[in-house]
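For reference, the structure discussed in these notes is given below.
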Amino acid sequence: MAAFDRFDSFDPWDPAFVADPYPAFAELRARGRVLYYEPTDQWLVPHHADVSALLRDRRLGRTYRHRFTHEDFGRTAPPPEQEPFHTLNDHGMLDLEPPDHTRIRRLVSKAFTPRTVERLRPYVHGLADDLVARLVAAGGGDLLRDVAEPLPVAVIAEMLGIPESDRAPLRPWSAEICGMYELNPSEETAAKAVRASVEFSEYLRGLIAARRKEPGDDLISGLIAAHDEDDDRLTEQEMISTCVLLLNAGHEATVNATTNGWLALFRNPDQLATLRADHSLVPSAVEELMRYDTPLQLFERWVLDEIEIDGTTVPRGAEVAMLFGSANHDPAVFAAPDRLDLTRADNPHISFSAGIHYCIGAPLARIELAASMTSLLERAPALRLTTEPERKPNFVMRGLTELGVEV
C-alpha cells in the first residue's frame, strides 16, 4: 500500500502548501495513481483520468447510508449535537445517491430550468455593472468584498426570492456551514455550522410557508409546485436543503473563482494584456482560470464496493479524495498545464465535477463570472493589484481573504 505522512510536501494544514499546492500535486502524480494519506484516513487520487472515471463510478457514493448503517460500514455516527447540520446536509442532492438523488434532481430541474437561468442574465449583468461602477468611483477597494462576494449572493437570493432586507445573514451562514467541508473540522467549526444550519433552516421554513400562501415568480415557488407524473413532490426538508445547497455551492465557488482568477491575471500580465485587447476571449478565459487555480480542490466519495486502481485495492468503507486541482494540472490531459493560457481550446477541466453530481448551477456560474470580468475589463481597464493578498487557511475551498485593487 502506497502511504506517506503529513510531513511530505502534501500537507493541507501547511500555509506554504495552501499558498501553492500545485508542485505537491505534481509529486503525487509522479508517485502513483492512488495513495493512502493517514492524517485524514483517505485515499488520494491525483490523475485526471482516474478522477474523471471515479466521479462516474457507481461503486462509489457521496453517502453510504442508502446501503449500509454506520456500523456495517465500519464508521462512527456523527455526534448527536451535530444533527441539525447533518439533517440539512444529508437531504441535499449533492450528498445523496440514486434513487433519492435521481428523484430530487429531477424535481429541482423542473424549477431550476435553463429559462430560469436566462431570465437572470440581465439582472446579473446590471448588478455587475453597478458593483464595478462603485469600485471605480471609489478609486479601488477590495475586489472580493466589493464585487466578487455581493454578486453571486445577490443573484442566488434574487433567484430564490429572498427579500433584500433579509440577505445580510446569507454569506455568514453559508461560510459557517461550508467550514464543515474542510478536512478534519474542529469542534468550534462544527458548533458554528450547527448554529448556522438551525438559523438558516428556520428562516427558509418561514419563507416556504409564505410562498405556499402567496406563490411568486421565484425558485422557491417553483420548488413548491414541482411534481412528476406520479405527483411526487419535494418535502419541506428537501426544499430547505436544496436552497441552502444552491446558495453555498452557487456563491462559494464563484467568489473564489473570481478572486483566484484575477490574482492569476495580475501575476500573468501578458495574459491580462491579451484579454484586455480582446474581450471576446472572456468565455475561454473563464474556463482556463477555473482550471488554472481550481476553487474546489477536493471532492470526497465513499467506496461502496471494493475497487482496484493500478493494482492497488481500495477496500469497501474507505474514503477516496479526488484532487480536482491536481487533475486540472495533469500533463497527460493539458499541454503545459502550469502555464496560464486564456486561448486554450481543449480544456476538459473538472472544476464543476462530473457524472450525476455535475454542478447544476454551472451555467449560472459561467454567466456571473463572465459578467463581472467583462464589466471590470470595460470599466476598469487599468485595474491593478495594490497589496499582496493572503490565502484563506482552507485547502478544500481555495480562496483569498481579500484582494486589494486600484483603478
Side-chain angles (χ1 to χ4, degrees), residues 1-57 60 62 181-184 253 256-257 260-261 263-264 267 287-301 303 307 309-312 314 318-341 344 346-355 357-359 391-399:
M1 176 171 75
F4 55 105
D5 61 36
R6 66 179 299 165
F7 302 106
D8 278 79
S9 58
F10 180 87
D11 184 349
W13 299 277
D14 180 3
F17 168 82
V18 171
D20 183 10
Y22 298 103
F25 291 156
E27 291 181 25
L28 291 185
R29 292 192 301 271
R31 294 183 67 162
R33 289 172 52 192
V34 61
L35 304 106
Y36 178 71
Y37 187 56
E38 189 172 357
T40 58
D41 190 21
Q42 292 175 320
W43 293 80
L44 307 180
V45 180
H47 291 263
H48 187 283
D50 292 321
V51 170
S52 182
L54 291 176
L55 286 169
R56 298 170 170 86
D57 195 322
L60 283 78
R62 282 290 289 177
Y181 304 132
E182 291 299 323
L183 299 174
N184 300 352
N256 292 337
N260 290 345
L263 181 58
R267 288 180 171 168
E287 303 303 318
E288 173 67 351
L289 290 165
M290 290 197 70
R291 179 203 70 82
Y292 183 77
D293 201 4
T294 310
L296 178 66
Q297 290 280 318
L298 180 152
F299 191 74
E300 300 162 330
R301 297 189 81 195
V303 180
I307 61 173
I309 302 174
D310 195 29
T312 298
V314 183
E319 191 175 31
V320 171
M322 288 168 282
L323 300 175
F324 282 10
S326 177
N328 282 341
H329 280 247
D330 190 340
V333 177
F334 304 97
D338 295 327
R339 186 184 76 231
L340 183 66
D341 179 5
R344 191 182 295 272
D346 186 17
N347 194 349
H349 69 77
I350 52 173
S351 300
F352 288 119
S353 193
H357 292 297
Y358 181 79
C359 177
R391 284 268 166 209
K392 292 179 181 177
N394 310 334
F395 162 56
V396 175
M397 294 186 178
R398 179 169 172 78

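Predicted model only: the values in this text are computed from it and were never measured.
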Exercise for the section: Could you tell me whether R267 and D20 make a salt bridge, using a distance below 4.0 angstrom between a side-chain N and a carboxylate O? Expected result: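 No, this pair does not count.
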
Exercise for the section: Verify the ring-centre separation between H329 and Y22: is it less than 6.0 angstrom? Expected result: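 They qualify: ring centres under 6.0 Å apart.
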
Problem - Heavy-atom check, side chain of W13 versus side chain of L183, under 4.5 Å - result: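 With C-beta onward as the side chain, the pair touches.
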
Handout entry: P337 side chain reached by R291 side chain, heavy atoms, under 4.5 Å
Key =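 SC-SC contact between R291 and P337 confirmed.
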
Starting at [atom1] of [X], measure out to [atom2] of [Y] and round the result to the nearest 0.5 Å.
{"X": "T294", "Y": "N256", "atom1": "OG1", "atom2": "CG", "answer": "11.5 Å"}
{"X": "M322", "Y": "L55", "atom1": "CE", "atom2": "CG", "answer": "4.5 Å"}
{"X": "R398", "Y": "F324", "atom1": "CZ", "atom2": "CZ", "answer": "15.5 Å"}

Exercise for the section: Identify the two heavy atoms, one from P46 and one from S326, that lie closest to each other, and give their separation to 0.1 Å. Expected result: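 Answer, listing the atom of P46 first, then S326: O-OG, 2.7 Å.
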
Practice task
Verify the distance criterion only: is there a donor paired with an acceptor across the side chains of N260 and Y292 at less than 3.5 Å?
Solution key: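 Not at all, the side chains of N260 and Y292 share no donor-acceptor pair under 3.5 Å.
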
Practice task
Report the relative orientation of the aromatic rings in F10 and Y37; use parallel for angles under 30°, tilted for 30 to 60°, perpendicular for over 60°.
Solution key: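 If you compare the ring of F10 with that of Y37, the planes turn out perpendicular.
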
Exercise for the section: Fit a plane to each ring of H48 and F334, take the angle between them on a 0 to 90° scale, and name the class: parallel (under 30°), tilted (30 to 60°) or perpendicular (over 60°). Expected result: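 Aromatic pair H48/F334 classed perpendicular.
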
Practice task
Measure from NZ or CZ of R56 to the centre of the six-membered ring of Y358 and say whether it is under 6.0 Å with the direction within 45° of the ring axis.
Solution key: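 Here R56 fails the 6.0 Å and 45° test against Y358.
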
